[in-house]
Every structure is written in C-alpha cells, then in structure tokens.
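Notes for the one structure printed next.
Keep in mind the model is a prediction, meaning the values are calculated, not measured. The figures that follow rest on heavy atoms only: side chains count, while hydrogens, waters and symmetry mates do not.
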Number of protein chains: 4
Amino acid sequence: MAPRAETRNRLLEAAIRTLAVEGYGGTTARSIARTGGFAPGVIYYHFEDLEALLVAALRHTSQARRAYYEEALGSCTDAAELISRLRDLYAEDMRDKGHIDAVQELVTASATSPRVRAELLAHIDSWSEFATDAVQRLVAGTTFEDMAPSRDIGMMAVAMFLGVQTLIHLDGDRSRIQSLFATVEPAAILWDTFAGNRTPTPDK
Amino acid sequence: MAPRAETRNRLLEAAIRTLAVEGYGGTTARSIARTGGFAPGVIYYHFEDLEALLVAALRHTSQARRAYYEEALGSCTDAAELISRLRDLYAEDMRDKGHIDAVQELVTASATSPRVRAELLAHIDSWSEFATDAVQRLVAGTTFEDMAPSRDIGMMAVAMFLGVQTLIHLDGDRSRIQSLFATVEPAAILWDTFAGNRTPTPDK
Amino acid sequence: MAPRAETRNRLLEAAIRTLAVEGYGGTTARSIARTGGFAPGVIYYHFEDLEALLVAALRHTSQARRAYYEEALGSCTDAAELISRLRDLYAEDMRDKGHIDAVQELVTASATSPRVRAELLAHIDSWSEFATDAVQRLVAGTTFEDMAPSRDIGMMAVAMFLGVQTLIHLDGDRSRIQSLFATVEPAAILWDTFAGNRTPTPDK
Amino acid sequence: MAPRAETRNRLLEAAIRTLAVEGYGGTTARSIARTGGFAPGVIYYHFEDLEALLVAALRHTSQARRAYYEEALGSCTDAAELISRLRDLYAEDMRDKGHIDAVQELVTASATSPRVRAELLAHIDSWSEFATDAVQRLVAGTTFEDMAPSRDIGMMAVAMFLGVQTLIHLDGDRSRIQSLFATVEPAAILWDTFAGNRTPTPDK
DNA sequence: CATGAATGAGGCTTCATTCAT
DNA sequence: AATGAATGAAGCCTCATTCAT
C-alpha cells in the first residue's frame, strides 16, 4: 500500500517503543532509527523534526487508547463495576506498558518542548473530559446529582492517574497499585448500596 | 562555617534555582555555574559529577521542606483543620515555587539518571510515610481505626500530590487546584462530624 | 523536440533559476527539483551528478548570452556608440538578472568544484576573446593599431565586468554602476574625436 | 600571556589558512580545527558560531593589510611611481597568497552569509576610500582636478582589483596580471608627462 | 581551593545519491 | 522515462568533564 503511510507508522511505533524502553533522555534520532531498523534520515523525510515525530506519536497512541477505554467502560453506572473494569484495563496496560511509559516520558519531555507540552495538554483534557463523564454517570439520579462537582472530581481522577503513573515510573512497583484498587473497592460497594434509590439504567 | 561547606551550599542552591528556572533540559554545568556565580570547574571539586550534585540538591531541599511540613501540621487530628493547614502550606509553596518546580524537574531527570531516580524514591517514601502518619492520626480512635488501610491511603495522597504537580507543570493553571481544596472541604467536615465518638487526643 | 531534450532543458533552466534565486548555498538537488516541478531523481537520469548539471547550465546560458551580445554590438567601431550599447545591454541584464546572478553564484561554486571552475574558465575565455575583438575594432585604422595590447585591454574589460558584478553581488547597489558608464562616456567621446583620422567602416 | 587572546589568534589564522587552502566549501569547523591543531569545540568557546569566526578573520587580516598598503604607498603623487609600488605590493601578495585567497573565498561565502557580506562591504568601502584618496592625490593640482570623478574612479579601481582577483582565483594564472601592469605603465608615464604643470607637492 | 580554557563525544539535521516501482 | 522514498555521510553545535595554572 501507500509506502509513505506505512513507513510513517513504523516511525511512530519506533518512537513509542524507544521512549518506553530508553526513556526520554535516550530517545535520540539515532536510537529511534536503531529501534525501527531504518536510517536516521528518514525521520526528517517524514517529519519536520524530532519534536514533530514525538508529538505525532503521542497523538497516535493517545487516540487509540482513549477509544479503547471508551468502548471498554461503555455507559457503566455501577461504581463497583466501574472499578472492576478499570482494574482490568489497568492490568492490560501493564502487560504492554509501551503506551503508558511513552506518555510518562513525554510528560518529562514537556519540560523542554512547548510543542510536546501543548499536545500533552490536549491529551490531558481529553482524559479529563472522559473521567468527568464517568463521574456524572455515577451520580446521575442520586441525591448527589446536583451537588457533586463532577468536573473537579474528574480532574482529581486524572491527577490520581498521573500521580500513580509517576510512582510506577519511579519505582516500577506495580503490586502497590493493585492494592489501591482493593482499597477503593469497598467504598465503591458502599456507594452502590446507599447512594442508590435511583432507577437503574440498563447497561448499554 | 567551614568554607568548604559554604561553597557546597552555594552549589546546592544554585542547582535548585537553575532547575526551577531553566528546567531540567537547561540545567547544565555551565548554567548552574552562571546562576551561582562560580566557575563550572568547582562542581567537580565538590561532587563526583553533575548527577551527584542534583541528587544532593534534591536531598537537601526535600529534607528541609519535609521538616517544615511536619512542624506545620503538628499532630492534627481534625480533618477540616488538616485540609485547611495543607491549603496554607500549598499556597506558601506556590509563592516560592523553587522547591516544587525543582523536584518536578527531577522527576523528569529520573528518566535518564538511575541515581536521581533512586533519590527520588527515597523522597517519595519519606512523604508517603508522612502522609500515612497523618491518616492514622485521623482514624485513630474511630470505628475505622482497624479497617482503614492507612498505608494505601497515604500513598494515594502522595500520588494525588504528584499528579497535581504534573498538571500544574503542564498548564500552569493553579486556580483549579484551589478549587480542589474547596471540593474536599465538605467531605472533611462530614468526616469530623460523624466519624467521631472517639477519645480526643491532646494536640501533641 | 525529442522528449529527452525537452526535459533536459527544463533541468537546465530550473538550475539557472534556482542559482539566481536561492544562491549557490541553496541550490540542492531538491531545491532545483522543486523549482522545476520534477522529482529529484530525474537529475540523475539526465546528468552524471549535480555538478554536471551546473556545468551544463553554465554553458547553456553563457552561450545564449554571448550570441545575443555579439549580435547587439555588431561590428561597432565607434567608442561612444559602443559604450551606449553596452549600457543598454547592461540595463537589460539587470531587468532579468537570472543569467548574471547564476554565473556569479557559480563563481562561488568554483571554490568547491573543479569542474565548475573549468567551465567558468572557458566562459571567461570566450568573453575575453569577445572583448578583445571589440577593442581591436576600436583601434583598427588608428595610430594605436599596432601598439595597443588589445588582448590585455580585453582582459581588463572582463576583469572590470567581473569586479562590478561582485560589487553588485555584495551590496546590490546598481545606481553606482550607471554612474560608472557616465564617467566613462566623456573618455569615449574624446577617443572618437582624436584617435580618428581613419577610414570609417560601415556598421555591419 | 593571556591564553585566551593567544588561542583566539590561532583560531583566526587557522581560519584564514583553511579558507586559502581548502576553499570556502572546504572550510568546516572540523577542517579549521585540523589546520590549527585544536579541537573543533574551541571555536565555539571563542566565537558565537562559524560565521562569527570567519567575519572576525576577515576583519583581522583586512585591517592589517590595509595598514600595510597605506604605509607602502605613502602620499605618492606620481602615477608611474604609484603603479610601480602597486606592482611590488601585488607581487608581495602573490608570494604569500593567504590573505588574498581568503578574502576571495569570503566573497564566495557572502552568497550564503549575510554577516560575512556585511563585513565584506565594510572591507570594500575601506579599500574604495583608499583608492579614492590615491586618485585624488594624482589629479590634485592638475587641470583635471575639478572634473575627475575621483570617487567613481576609486570604485573602478576596486572593481578592477576584485575582478582580477576573481580571474586569479579561477585560473591561477598570475603571469597575465603582471602583463596588465606592463600595459598600464605607459599610460601612467603619459599622465605624469602631460597632466602636469602643477605645483609639485613634497612627498609626505 | 578555585578558575576557565580546552577536549571530544554525541545530538540534530541536511543533502547528494540510489533504487524499487 | 520518471518517481519519490530511503540511505548514510558529514556539517554545525553543545555539553560534561578534565587539567594546567
């Protein structure tokens, strides 16, 4: 097929892989090329510069992951169910950490590169909106519907997610995170039990 | 003070300031020397290499800040009071962002430098322990005393803190954070009102 | 015209235009291709390498221009008339500076490329000969006929021309050049008046 | 002595030598370093960038040469004598062609570099003024004093000089230039003989 | 103890050139 | 004939680090 698009994809994936494996500091034109098995020059054939490749890679991987989460969560209104599904998604992310790690490295990169930072902000906004929606579905029809600041809670969820990523990034200890899910679960069940007296929505 | 230690301190502070102002990418031996008004060569007289200076600077600033927080929070057992004091500390941190920014940049640096990463972990552990203690004081004497996973909650607090820092780092929008405190406040009051029926502990 | 030759011509003209517009430093295989609206690869289909294209382009434009000058000057034997015609040709060259600029850029290129240098020498020799002929027509039949070193004077004319081009190249101030013609004019009239007592040759 | 200034001089001279020997195209940070026997990095320790080094080198060599010419020509008012001295200076320049060649290469460089071009213009202006002065001394006290456009003639002299340099640059044939002096000499003698009837000015 | 000039490895990027289509 | 994607050498420049003073 279009050889152009194919190589472009190879570049994007090589960039993600290199970020995940070598870290942002180790992500140079040469190292990306080595990872992908092509000449450093190609990068500049397809992208303005290295920054542009990283930005494109972020967008690429972020959009795919966002769509997947959206589908997996569906229009779930049950807190315990939501936590459970998130735990599964999280486990999945941990099995192939490429995406997560790459994003974390780009948070790093944003210190130096305004363009990466801008793209990252878009990424964050997108997830923030996603989380806000989930919270709203949770409180809809409960006594808290009108008093809960969904947007703030959504943002806290994103902050939590980023913070947890940073922790993982720092010590690579995943077990503690699984225990976080365990910690939250009882609270979710509590919520489902008492917040309730609403009309149950059929799950999609 | 020994002249040796004095210069060492100038180095540490110059490193922190440079990290905060120029970002990790702009923190070179030369830029640190420029900030501090000394020759690049001195760094190598006092430290093995640049990494060692950064690690030492992190430890230096982190310990000072940790001690200050410890004192400011005292042995506070009242949730609303705790949130209020944290809000003040946070506001203070925002007024002189040097420390916070420098640490955030070092999170960045940890991508490349194992030694910085190791030091950061120590830093995180220290804060994690600090948060765990605060949570334990909160639940002590309540019905939840035995069931609350204080350690996990402490870790979540740290994650939250890191995530919020990352968000600030990315878009510099601090106002949203103040609104987070506002969001949490009612929950704290709720807690203080109902978790109660415990023997009040004398404040230190 | 053979399609082969047609494309070749597009290459030559694209090369000249690119040299004139982008300068030698900006004349790359890609920029020439962009100017001419073809793929970089074609160049190598028609020419050994980039140098060969430049050499051919120089020859191409130089011969055309030389023929045009030859015709315009005819067999003029009147000094004032000669100066006047040269002034017109010069003005014409300035209106479409492509040729002049391209050659000037190739003088530049000769620093790096022996083949361009060789071709330029041929070009110079050709113009030198042209100038020598003009001088000889001027002195023919006068008392100076046998003593004037026409070849040296011709070479001085070429040097003058090159030097003036360099000046233009450097500061782009053309007005000064027009004033040079004005400076020379009286001398030409003087010559026509006193060198004379020869049999006038019919103009062509 | 001041190690700084000493190295700076080594850089300037290495730049001139490299320009003269390798041509502008061959004058890279690496080749200059090789010529001077130092590491490429030093260049950037002493100069903003390569362009800055070349500009400085041009100024350095140009000023020295200009001063030398000034002294050698003195306030000579005799045309034949002037030509003779110029011929000597020229021969001298040819014996150590470093300066001349370097300048010629920089004329070339001016195509690409605005800063080199600007410096070159200053250089040209300086020589133009120098030539204008010489012409004025020649016509002073003669019948032509008021009608001769010294400035234009000065500029023609500079153009002539540049053009001759270009010719040398292209074919390296110096002999022809020597014959140019021979060609001009009779004219100079003629001038001295007939332009005269002026009050002789004491030499200096 | 401190200085700051010098080193040289390595980063980003450009470009002539080749080659499969 | 022509295309245009890919190659890889080489250019400029920065920076951690060393070392003579």
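Per the geometry, CZ belonging to B:F47 stands 15 Å off C1' belonging to E:dA2, to the nearest Å. Spacing between atom CD of A:E6 and atom C1' of F:dG4 amounts to 15 Å, rounded to whole angstrom units. One interatomic measurement links the two molecules: CD1 of D:I43 to P of F:dG11, which rounds to 12 Å at whole-angstrom precision. For the pair C:I32 CD1 and E:dC15 C1', the interatomic distance rounds to 12 Å; values are reported in whole Å. Protein atom CZ of A:R10 is 7 Å distant from nucleotide atom P of F:dT7, rounded to whole Å. Taking atom CZ of D:F38 as the reference point, atom C1' of F:dT18 lies 20 Å away to the nearest angstrom. Atom CZ in D:R8 sits roughly 18 Å away from atom P in E:dG4 (whole-Å rounding). For the pair D:L11 CG and E:dA5 P, the computed distance is 12 Å after rounding to whole Å.
For A:E13, there are no salt bridge (charged side-chain N to carboxylate O under 4.0 Å, His left out) partners two or more places apart in sequence or in a different chain.
When each of B:D49 and D:Y44 is assigned the nucleotide of DNA chain F with its nearest heavy atom, D:Y44 is the one assigned upstream, toward the 5' end. Toward the 5' end of DNA chain E, the nearer of the two residues B:A39 and A:E51, judged by each one's closest nucleotide, is B:A39.
Considering all non-hydrogen atoms of both residues, B:R30 and B:P40 come closest at CG-CG, 4.4 Å. Across every non-hydrogen atom of B:F38 and B:R10, the tightest pair is CD2-NH2, 3.9 Å. Across all non-hydrogen atoms, the minimal contact from C:L106 to C:L120 is O-CD1, 3.4 Å.
Atom CZ of B:R115 has more than 12 neighbouring heavy atoms from other residues, nucleotides or ligands inside a 6.0 Å radius. Residue-environment remark: CZ (C:R65) exceeds the threshold of 12 foreign heavy atoms within 6.0 Å. Shown here is A:R17, whose CZ atom has no more than 12 heavy atoms of other residues, nucleotides or ligands within 6.0 Å.
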Identify all pairs in which a protein N or O lies below 3.5 Å from an N or O of nucleotides 9-11 of chain E, and state each distance.
| unit_1 | atom_1 | unit_2 | atom_2 | d |
| --- | --- | --- | --- | --- |
| E:dG11 | N7 | A:R30 | NH2 | 3.2 |

Given Watson-Crick and G-U pairs under 3.5 Å, DNA chain E in dot-bracket ([ ] crossing, | other strand) is .||||||||||||||||||||

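A distance-only check finds no donor-acceptor pair linking the side chain of C:T61 to the backbone of C:L58 [under 3.5 Å].
Between C:Y45 and the phosphate of F:dA2, there is no side-chain N or O to OP1/OP2 separation shorter than 4.0 Å. In this structure, A:H46 reaches the F:dA6 phosphate: one of its side-chain N or O atoms is under 4.0 Å from OP1 or OP2. One finds a side-chain N or O of C:T7 lying less than 4.0 angstrom from the OP1 or OP2 phosphate oxygen of F:dA2.
For the side chain to side chain contact (heavy atoms under 4.5 Å, CB included) with D:T27, the qualifying choice from D:I16, D:L50, D:L19 is D:L19, the only one to do so.
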